[in-house]
Asker: 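Can you read through this structure? Questions will come right after.
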Amino acid sequence: GDLPLTARITAALGAYWFLEGNHAEGLRWIDEMLAVEGRLDPYISARIHLAAGFMAFPSSRPEARTHWERATVLFRELGETRLVAYGLAVTSATYIGDVEQTGLAMRTNDEALVLGRGVGSPALVAQVLNIRGELTRVAGRDEEAREAYEEGLQISGDLGDEMYVSVFLSNLSYLADHRGDHEEARRLTHQALRICWSQGRRLMAAWTVSQLAGPEHALGRPELGAVLVGAGDEALRVLGARRHPGDVPEHDRVVAALRGALGDARFEELRSEGARLTLDQVLARVLDGDGGGDEAVHEPVEKC
């Protein structure tokens, strides 16, 4: 019955619900608050629209864009420059894969980057750079993506933000796979997975584990690749989450290659085998004793 307190809790938990996979719970709270938005403080209302955008993003980027644009307008009216930058950044992410809107997306991201640097928020700059990398990678502009990811990785490492270190490592692994350096792609993905696993980041691990299927297939282990796809799909199902939109084109490419190598029947058999593994089981299977996880990433210390 305490509306202001409930609204503040909802606003504060938006990123948590998105990153940890508790989407059904998040949607229930957010929908209740949006139904009474007119009674809320504008700042809290804007943050709830941010949260609503996160919940919508994996399944409906236009819906996410509507929420994030609304949040950005409110933050501008309130003079919240840092959050204006954040709202612009996540809005730009809704154009990932939309080639016709790449120019608009990059201009929006440019503004977010300028504002983020201007308010002196390295963590925000890293987030904007990650989205910039996603936009350019999916558009086939790998060199621009590499520059964005590497700068973001450096910033996140300096901040000791291991979660974002794992995000940048996993995204750099895609670029290594693109250029045919499959051992490097495997190594980077293993590093990212070790961080996710050590921090209990189950959604991040679920997103990343099937990403390992690409380099494993390229290194002559398509059977393992198919198992990893099944395990990742099942982990996402259990969490009630979807694959990150920036990962979908990469995932579809790898699944098509695995089907081509194994045949549909064998691929489905192995994918079903993977779906019977828990996330902990599959992570132990691919990481224990791999010999490639001891490299220092960064000293310890948030995919749109």
Side-chain angles (χ1 to χ4, degrees), residues 15 18-19 50 53-65 67-69 72 85-116 123-156 161 163-179 185 188-189 192 195-196 201 203-204 206-208 210-212 214 232 236 241-254 302-304:
F18 176 63
L19 291 170
L50 280 180
F54 281 121
M55 294 298 100
F57 182 60
S59 58
S60 176
R61 278 173 278 176
E63 182 182 348
R65 187 181 307 139
H67 285 295
W68 286 337
E69 287 178 339
T72 303
Y86 188 63
L88 288 166
V90 292
T91 298
S92 74
T94 65
Y95 295 105
I96 291 172
D98 188 345
V99 177
E100 293 183 357
Q101 297 298 330
T102 299
L104 172 60
M106 294 302 290
R107 289 192 298 274
T108 305
N109 191 272
D110 286 343
E111 184 182 356
L113 193 56
V114 168
L115 291 174
L124 173 58
V125 170
Q127 291 175 303
V128 179
L129 287 167
N130 183 57
I131 294 169
R132 190 177 195 83
E134 300 285 273
L135 286 164
T136 49
R137 171 174 58 79
V138 175
R141 294 153 56 176
D142 280 12
E143 184 58 28
E144 292 176 68
R146 182 190 62 79
E147 292 175 1
Y149 289 147
E150 288 184 348
E151 183 183 352
L153 176 61
Q154 182 65 53
I155 293 170
S156 297
D161 187 342
M163 191 197 80
Y164 256 90
V165 165
S166 73
V167 169
F168 285 113
L169 290 171
S170 66
N171 285 331
L172 283 165
S173 77
Y174 282 134
L175 301 184
D177 209 37
H178 291 178
R179 64 178 182 266
L188 290 168
T189 310
I195 295 171
C196 295
R201 298 273 185 179
L203 179 57
M204 298 288 290
W207 278 340
T208 308
S210 58
Q211 182 177 328
L212 190 56
L236 290 172
R242 294 175 182 244
R243 202 169 304 282
H244 192 283
D247 296 338
V248 170
E250 307 277 4
H251 179 74
D252 290 348
R253 170 180 60 82
V254 171
E302 196 176 312
K303 184 171 197 184
C304 174

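The figures that follow rest on heavy atoms only: side chains count, while hydrogens, waters and symmetry mates do not.
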Asker: Where do Tyr86 and Gln127 come nearest, in terms of heavy atoms and distance?
Answerer: CE1-OE1, 3.7 Å
Asker: Taking the side chain as everything from C-beta on, heavy atoms only, tell me whether Glu147 gets closer than 4.5 Å to Glu143.
Answerer: yes
Asker: Ala85 and Gly116: which non-hydrogen atoms are nearest, and at how many Å?
Answerer: CB-N, 3.9 Å
Asker: Do the side-chain N and O atoms of Asn171 and Glu134 include a donor-acceptor pair separated by under 3.5 angstrom?
Answerer: yes
Asker: Pick from Asn109, Thr91, Thr108: which one makes a side-chain contact (heavy atoms from CB on, under 4.5 Å) with Ile131?
Answerer: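 Checked Asn109, Thr91, Thr108 against Ile131; only one passes side-chain contact (heavy atoms from CB on, under 4.5 Å): Asn109.
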Asker: Should Leu169 and Val165 be marked as a side-chain contact (heavy atoms from CB on, under 4.5 Å) after you check the CA-CA gap, both sets of side-chain angles, and the distance that decides it?
Answerer: CA-CA 6 Å; Leu169 290 171; Val165 165; 3.8 Å; yes
Asker: Do the side-chain N and O atoms of Thr136 and Arg141 include a donor-acceptor pair separated by under 3.5 angstrom?
Answerer: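 No - no donor-acceptor pair under 3.5 Å links their side chains.
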Asker: Which heavy atom in Gly133 sits nearest to a heavy atom in Ala145, and how many Å separate them?
Answerer: O-CB, 3.5 Å
Asker: A side-chain contact here means heavy atoms from C-beta on lying under 4.5 Å apart; do Ser170 and Gln211 qualify?
Answerer: yes
Asker: Starting at CG of Leu203, measure out to SG of Cys196 and round the result to the nearest 0.5 Å.
Answerer: 9.0 Å
Asker: Does some side-chain heavy atom of Ser166 sit less than 4.5 Å from a side-chain heavy atom of Met204?
Answerer: yes
Asker: Return the OG1 to CD distance between Thr72 and Glu111, rounded to the nearest 0.5 Å.
Answerer: 9.0 Å
Asker: Taking all non-hydrogen atoms of both residues into account, name the closest pair between Pro245 and Pro249 and its distance.
Answerer: O-CD, 3.4 Å
Asker: Carefully, step by step, assess Glu250 and His178 under the rule side-chain hydrogen bond (donor to acceptor under 3.5 Å, both in side chains).
Answerer: CA-CA 10 Å; Glu250 307 277 4; His178 291 178; 2.9 Å; yes
Asker: Answer yes or no: does atom CZ of Arg242 have more than 12 heavy-atom neighbours from other residues, nucleotides or ligands under 6.0 Å?
Answerer: no
Asker: With no hydrogens and no angle check, do the side chains of Tyr174 and Asp142 hold a donor and an acceptor under 3.5 Å apart?
Answerer: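 The criterion, which ignores hydrogens and geometry beyond distance, is not satisfied for Asp142 and Tyr174.
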Asker: Taking the side chain as every heavy atom from C-beta outward, state whether Val114 and Asp110 have any pair of such atoms under 4.5 Å apart.
Answerer: no
Asker: Is any side-chain heavy atom of Phe18 closer than 4.5 Å to one of Pro58?
Answerer: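 They are in side-chain contact.
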Asker: If every non-hydrogen atom of Gly246 is compared with every non-hydrogen atom of Val138, which pair is closest and at what distance?
Answerer: O-CG2, 3.8 Å
Asker: Looking at side-chain heavy atoms only, is the closest gap between Leu124 and Leu115 below 4.5 Å?
Answerer: no
Asker: Yes or no on salt bridge (charged side-chain N to carboxylate O under 4.0 Å, His left out) for Arg65 and Glu69, after CA distance, side-chain angles and deciding distance?
Answerer: CA-CA 6 Å; Arg65 187 181 307 139; Glu69 287 178 339; 5.1 Å; no
Asker: Show the numbers, then the answer: is there a side-chain hydrogen bond (donor to acceptor under 3.5 Å, both in side chains) between Thr189 and Ser173?
Answerer: CA-CA 6 Å; Thr189 310; Ser173 77; 3.2 Å; yes
Asker: Between the side chains of Asp177 and Arg253, is the shortest nitrogen-to-carboxylate-oxygen separation below 4.0 Å, so that they form an ion pair?
Answerer: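 Salt bridge between Arg253 and Asp177, a charged N being under 4.0 Å from a carboxylate O: yes.
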Asker: Could you check if a side-chain atom of Ile195 sits within less than 4.5 angstrom of a side-chain atom of Met163, using non-hydrogen atoms only?
Answerer: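 No, every pair of side-chain atoms sits at 4.5 Å or beyond.
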Asker: Verify side-chain contact (heavy atoms from CB on, under 4.5 Å) between Leu175 and Arg137, making sure each step is shown before the conclusion.
Answerer: CA-CA 8 Å; Leu175 301 184; Arg137 171 174 58 79; 3.9 Å; yes
Asker: Can you name the closest pair of heavy atoms from Gly152 and Leu129 and give their distance?
Answerer: N-CD1, 3.8 Å
Asker: Using the ring of each side chain (for Trp, its six-membered ring), is Tyr149 parallel, tilted or perpendicular to Phe168, with breaks at 30° and 60°?
Answerer: perpendicular
Asker: Determine, step by step, whether Phe54 and Val90 satisfy the side-chain contact (heavy atoms from CB on, under 4.5 Å) criterion, reporting the C-alpha distance in whole Å, the side-chain angles of both residues, the deciding distance to 0.1 Å, and the verdict.
Answerer: CA-CA 9 Å; Phe54 281 121; Val90 292; 4.3 Å; yes
Asker: So, do Ile96 and Arg61 sit near enough that their side-chain heavy atoms are less than 4.5 Å apart?
Answerer: yes
Asker: Going by the angle between their ring planes, with limits at 30° and 60°, are Phe57 and Trp68 parallel, tilted or perpendicular?
Answerer: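 It falls in the tilted class, 30° to 60°.
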Asker: When you compare the side chains of Ser92 and Arg132, does any donor N or O come within less than 3.5 Å of an acceptor on the partner?
Answerer: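 Not at all, the side chains of Ser92 and Arg132 share no donor-acceptor pair under 3.5 Å.
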